[in-house]
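What you see is a predicted model; the values in this text were computed from it and never measured. Remember, it's 1-based here, ligands and their atoms both numbered in the order they're listed.
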Amino acid sequence: MRPIIGVTCGSDVSASNTGGRVYRKNTVGSDYISAIEHAGGAPVVLPIVEDEECISGFIDIIDGLLLSGGGDIDPSFFNEEPISALGSIDPNRDSVEMLLSKAALEQDLPVLAICRGIQVLNVAAGGTLYQDISQHSKETLKHRQSAPGWHASHTIQMEPGSLISEIFGKRTGRVNSFHHQAVRDAADGFYVSARSNDGIIEAIESREYRFMLGVQFHPEMMFQHHPEAANIFAAFVKACQRL
Ligand code: MN
């Protein structure tokens with residue numbers, strides 16, 4: 001039986017073709033769905049709800065959690081005021097994903113956290129972020145590539161013995177990049193398992209759980225072109241298999 005993978009979503013507001021009425025939609029990139037399906041999981045999209053009981057209901061039915069990409073996290077979650085370079089915030093999404101992440105950490109549910117996801121997971125576990133990578137002490141590389149999503153635009157150096165280096169089968173790899181935020185301090189119990197050559201954190205993980213991996217890049221856009229990216233989903237879905 002395919003493990004059920006809950007995929008978080010964002011919201012989209014449009015006013016077109018609705019007679020001026022604001023029409024809110026829950027949306028998620030179909031690449032996340034395809035990547036999970038291709039890796040042998042059964043993806044289910046978890047909508048943005050308000051009731052905490054709904055969230056514990058989601059946790060009861062899923063075998064793994066995929067925290068998907070999106071906008072910025074409210075910096076109040078890591079006790080900071082917003083800097084001017086902060087992007088758009090979705091308070092409803094923030095609260096759903098923080099609750100899901102905390103429940104997954106408590107119950108040792110496998111988590112694959114992508115882009116915004118690595119940031120949500122790290123903050124939920126008590127870590128901090130750069131609200132914008134201009135806050136990094138050194139000049140940084142281009143982390144918002146203009147090349148197509150499947151193209152690997154910068155290098156990452158992986159920690160020997162880490163899950164990510166095991167998945168890649170090597171210590172140096174190439175990934176895509178579409179972010180302006182990044183992990184600043186990894187949460188207690190987590191360690192940095194990959195960095196780009198400018199020192200920006202590109203992956204965090206924890207050995208205290210069955211499968212807890214955050215990546216700053218987007219393997220869901222790369223899995224059809226790069227076997228390493230497909231291997232990330234394969235390893236995650238395998239970890240979600242019911243015993
Ligand atoms: Mn990057």
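- Nearest N, O or S atom of His143 to the Mn ion (ligand 1): atom ND1.
- When only modelled atom types and interatomic distance are considered, Gln131 and Glu80 share a side-chain donor-acceptor pair under 3.5 Å.
- Aromatic ring centres of Phe233 and His38: separated by at least 6.0 Å.
- Restricting His154 to its N, O or S atoms, the one at the least distance from the Mn ion (ligand 1) is NE2.
- As for Glu202, its N/O/S atom nearest the Mn ion (ligand 1) is the one called OE2.
- Heavy-atom neighbours of Asp188 CG from other residues, nucleotides or ligands within 6.0 Å: at or below the threshold of 12.
- For residues 106-124, the set of pairs meeting the salt bridge (Lys or Arg N to Asp or Glu O under 4.0 Å) definition, not counting sequence neighbours, comprises Asp94-Arg116, Glu97-Arg116.
- The Mn ion (ligand 1) has no N, O or S atom of Asn176 closer than 2.8 Å.
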